[in-house]
Amino acid sequence: MPFLRNAWYVAAWSSDVSQTEPLQRTLLGESIVLYRDSLGRPVALANRCPHRFAPMDGGRVRGDALECPYHGLRFDRTGRCVHNPHGDGRIPAAARVASYEVEERYGAVWIWMGEPERVAVTPLPAFDYLDPQENETSTGYLLTRANFQLSADNLLDLSHFQFLHPDTLGSNQMASGTMTFDEVGETVWSRRVCRGEQLQEFVANAYGVPPGMAVDRWLNVRWDVPGLMSIEVGVAPSGIPREFGRMSYSGHFLTPETETSTHYFFAFGLPKAMGEAARTLVEYAVDGLMTPFKEEDLPMLEAQQCALGDQDFWQARPVLLSIDGAAIRARRIMDRKIATEQLEQQARIEQCEAEQGGKTPMPELTAVPIDCSALAR
Amino acid sequence: MPFLRNAWYVAAWSSDVSQTEPLQRTLLGESIVLYRDSLGRPVALANRCPHRFAPMDGGRVRGDALECPYHGLRFDRTGRCVHNPHGDGRIPAAARVASYEVEERYGAVWIWMGEPERVAVTPLPAFDYLDPQENETSTGYLLTRANFQLSADNLLDLSHFQFLHPDTLGSNQMASGTMTFDEVGETVWSRRVCRGEQLQEFVANAYGVPPGMAVDRWLNVRWDVPGLMSIEVGVAPSGIPREFGRMSYSGHFLTPETETSTHYFFAFGLPKAMGEAARTLVEYAVDGLMTPFKEEDLPMLEAQQCALGDQDFWQARPVLLSIDGAAIRARRIMDRKIATEQLEQQARIEQCEAEQGGKTPMPELTAVPIDCSALAR
Amino acid sequence: MPFLRNAWYVAAWSSDVSQTEPLQRTLLGESIVLYRDSLGRPVALANRCPHRFAPMDGGRVRGDALECPYHGLRFDRTGRCVHNPHGDGRIPAAARVASYEVEERYGAVWIWMGEPERVAVTPLPAFDYLDPQENETSTGYLLTRANFQLSADNLLDLSHFQFLHPDTLGSNQMASGTMTFDEVGETVWSRRVCRGEQLQEFVANAYGVPPGMAVDRWLNVRWDVPGLMSIEVGVAPSGIPREFGRMSYSGHFLTPETETSTHYFFAFGLPKAMGEAARTLVEYAVDGLMTPFKEEDLPMLEAQQCALGDQDFWQARPVLLSIDGAAIRARRIMDRKIATEQLEQQARIEQCEAEQGGKTPMPELTAVPIDCSALAR
């Protein structure tokens, strides 16, 4: 399955991109280097020097440019070579690397690896609770060796809490909760209500529920293309309206590293207006979730990927249950958008060929076809 | 080379299959999960939940059924889904996994991964000395990263003792011993007699031979399809008839994990009637053999596999020596049976197509095409 | 890209080939075993016994022959089986392994894996400073997981010292030095002159330059087919003619292990006539270079290989700079010679076919198509 290119992906948390240490990250199968220029603006370039194919993340930031660590060529934020230290210093016209549009929001550096002209018409979904101006936020990151849509499936159906996370997140009332689904434009919602739940200690503490108190829990998951998710959880004493309960808000961003591995970014945010408690709670949530995410979800996702082998999801002919309503809607939206994008690209190629009266090299959307992530780790 | 499917393979030692800890084992390239139901009967299922492809060996045994660890579907010994904890609890008709015939004998769980109707006409060869009712037994297991027939070759020609195991099993008289071969139906025998041998200390102790005493040693190896071997060794003071010597009996069961890796099960047995000595001797044998098997045979088998690379045995055009008589007979029986099985399957496919007047999907003999063993370890 | 077979390659340093411990080394993708016969002469054989494909480097040297560790067949320096310990001891005619011409010079064992009749017309280039009769020498070895021509590129353009080795070998004056190139027959020269350099401490010490003294440095690199290089460096106080400076001499031999890995042999030599200082200096050079070679060059070469992926060098369309003059010349010579060799082989095959009136099996240049190096390590 090709990647959807005309979409925003999280490339890194803002705090991981610096002026001093260029960051290598394989995104959509391409090795990318991220750094900040002298104004602090993030830059994303294809991470392969066109001279001798050296990865540039080992180089130094020189003013606004990144210097290749092998022979010292320097490239600016547009990917143009701006300095050749050798001989007469002439810069060959071909000395360029691909550069990518980036945007910094919600504490993250977002990257656009599709057609530049579509950036303007593709807004980010809102994750206002992660806006660092107004909120205390805490972030987590995991690399998962599984296709990113398996992670989306996982998050769109939280009934697995009961079986995969029985000691932290789940309860015996999860599977019997009610689920509803919604599809609004290209946004998918999954909503679950569990009544009369006995929460596990980790969750109870997060919402200030005393031991033994039965509660109602609402879990609303919002999914947007390509894998940008918001999870809102409300907890209130059983029978009390939701408005009187406590809420948590988290963003979950899935970026394909390769077809079978995923950068999983997640973050909690609460208003600074809550004072000290906001910071305490968002850190409690991220720190506490790291264990079940890493020790229960991650092995499960990797085992699914392994069981799939060379098959894609539909080829493996999954048996569908009622709980899969949101995941299936999200997958179908992605399937449709990828198919459209492939057709459009094919049409452009044919138009080029017609104009030029013959076969032409395919316009390259991709910059660096090689996944060096195995070596980088 | 395809696997021979209409044959009994050892899936596990009986003691490794339990009601509490489902066991994952890749057999003939398929991931299988083994557990015991509430009556203690072993169950073998394809280890991939049809809902989201989760491996089920991480799940719990619930009564007679196995519960998937991801979303809690439960499957019984026939592979049928018997419980869906979600929504209205309806069970989709497609919610099934492949199940396999199993039989418990000689201290092992045997699995049949071929056509069910052939089970009844395929008896197990006898390994009476491993019947746990009558015998003290001790078992060993090694995973060998080489094709299982390389292990059969190894065991069918014990002349390698002199070169590969000079300090434990071999002697200078091994290579000069006499060898004879027999083929009776689909059973192959290799018989070696070594006269006037000075045994290494490890072997001498096993047979109660005092230091320095010259002995005669008989080594009889029996092979049955697909790689079920019995080794009978007799030792007597040189010139004394075999009837007055001491004997040992061991079973060696080779089950392909994949085309290039093998579950090697081996066990020694002696009659309980021998008293305490039986237990002492069978444990001495298994414990003592583990070292040469693991440190000498196993690296050699893996080096052979590596040297073969993508070639199969015959493509590599082996030079044949007199000592290869039994190994070659066994290989030819296997080649013939596999070829026959493939032809029969092809004929069935063609018949199906003829009946249905067109191409039909190939009847699936295999349940789980994916080898997850790499991840499982 | 096929390997150039009609060429001398270093197989091992002389000191690594012994009568007691056969040495496995994968060369040009083939597993080779090296040992010395009873006269101390090196022997190179294909490392795969024709009986059961056991690698023979685990065996013992018996007089002039090498004994297979599995079943004891013995092979002499011509590859002929000379002993079968089994049965009547008859030796099948097919029991042979490929053997290779070897030559011992400059402290190394050289191997010829091409057509035997071309040995005589293919002299080694001179590395007189490594002749152990006249010189103190010190040797180093690294395995690099990158194509050997990337290493040649690296050595033919030392301008990378400034960027990749700024704290040991480089200086700010390197990139601005002057470079000239020469191609004489199939020998390529790259000559660099840097004036007014402030040497790093490691280099300054090697040439006895006091701290702070500005010097001129000459770096002359000679390349011969297939990757045999000599580097001559001269250092003199700035403005003083080269004849009054100090020199160092090193040989650098690149032997493909596989298409994407390289045995890198390097050695320094100085005349014994220099007395104690010669030994001190050659050891200082090899020991000191090991760190930048291993920690800076080697990761860079491997990252280049990774970035290339399945592309070969030209497919990746490198941007050429003035500094690449020598590397490109050397690559073109190799490309030409490999193409010629392939055409000649094709012509021989066609001639055979014509003579025999039909298709014949391709004459095998290669002995062991399987790379066992992964396992060997």
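Residue numbers start from 1 in every chain, and the chains themselves are labelled A, B, ... in the order their sequence lines are given, proteins ahead of strands.
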Open item on the list: Is the distance from the ring center of His160(B) to that of Tyr70(C) below 6.0 Å?
Closed with: yes
- [ ] Give, for atom OG of Ser322(B) and atom NE2 of His86(C), the distance between the pair rounded to the nearest 0.5 Å.
- [x] 7.5 Å
- [ ] First locate atom CE of Met300(B), then atom CZ of Arg52(C), and finally report the distance between them rounded to the nearest 0.5 Å.
- [x] 12.5 Å
Which portion of [X] sits near chain B, non-hydrogen atoms under 4.5 angstrom:
{"X": "Pro69(C)", "result": "both"}
{"X": "Asp88(C)", "result": "neither"}
{"X": "Arg90(C)", "result": "neither"}

Contacting moiety of [X], where chain C heavy atoms sit under 4.5 Å:
{"X": "Asn154(B)", "value": "both"}
{"X": "Leu164(B)", "value": "both"}
{"X": "Phe313(B)", "value": "both"}

Task: Residue selection (most heavy-atom pairs with chain C, distance under 4.5 Å) from Gly177(B), Ser176(B), Ala316(B) - done: Ala316(B)
- [ ] Could you have a look at Asp157(B), Leu301(B), Asp324(B), Val319(B) and say which one has the most heavy-atom pairs with chain C under 4.5 angstrom?
- [x] Val319(B)
TODO: Answer yes or no: does atom CD of Glu201(B) have more than 12 heavy-atom neighbours from other residues, nucleotides or ligands under 6.0 Å?
DONE: no
Open item on the list: Atom CD of residue position Glu21(C) - does it have more than 12 heavy atoms of other residues, nucleotides or ligands inside 6.0 Å?
Closed with: no
Open item on the list: I'd like to verify something: which residue of Ala93(C), Gly72(C), Ala54(C), Gly58(C) has the highest number of heavy-atom pairs under 4.5 Å with chain B?
Closed with: Gly72(C)
Task: Derivation and outcome, side-chain contact (heavy atoms from CB on, under 4.5 Å), residues Leu73(C) and Leu321(B) - done: CA-CA 10 Å; Leu73(C) 298 188; Leu321(B) 304 179; 3.8 Å; yes
Task: Heavy-atom pair with the smallest gap, counting every atom of Pro55(C) and Ala303(B) - done: CG-CB, 3.4 Å
TODO: Quick one: closest heavy-atom pair of Arg48(C) and Ala307(B), and the distance?
DONE: NH1-O, 2.7 Å
- [ ] Check the pair Phe163(B) / Glu67(C) against side-chain contact (heavy atoms from CB on, under 4.5 Å), numbers first and verdict last.
- [x] CA-CA 9 Å; Phe163(B) 301 97; Glu67(C) 181 182 88; 3.9 Å; yes
Open item on the list: Is any side-chain heavy atom of Pro318(B) closer than 4.5 Å to one of His51(C)?
Closed with: no
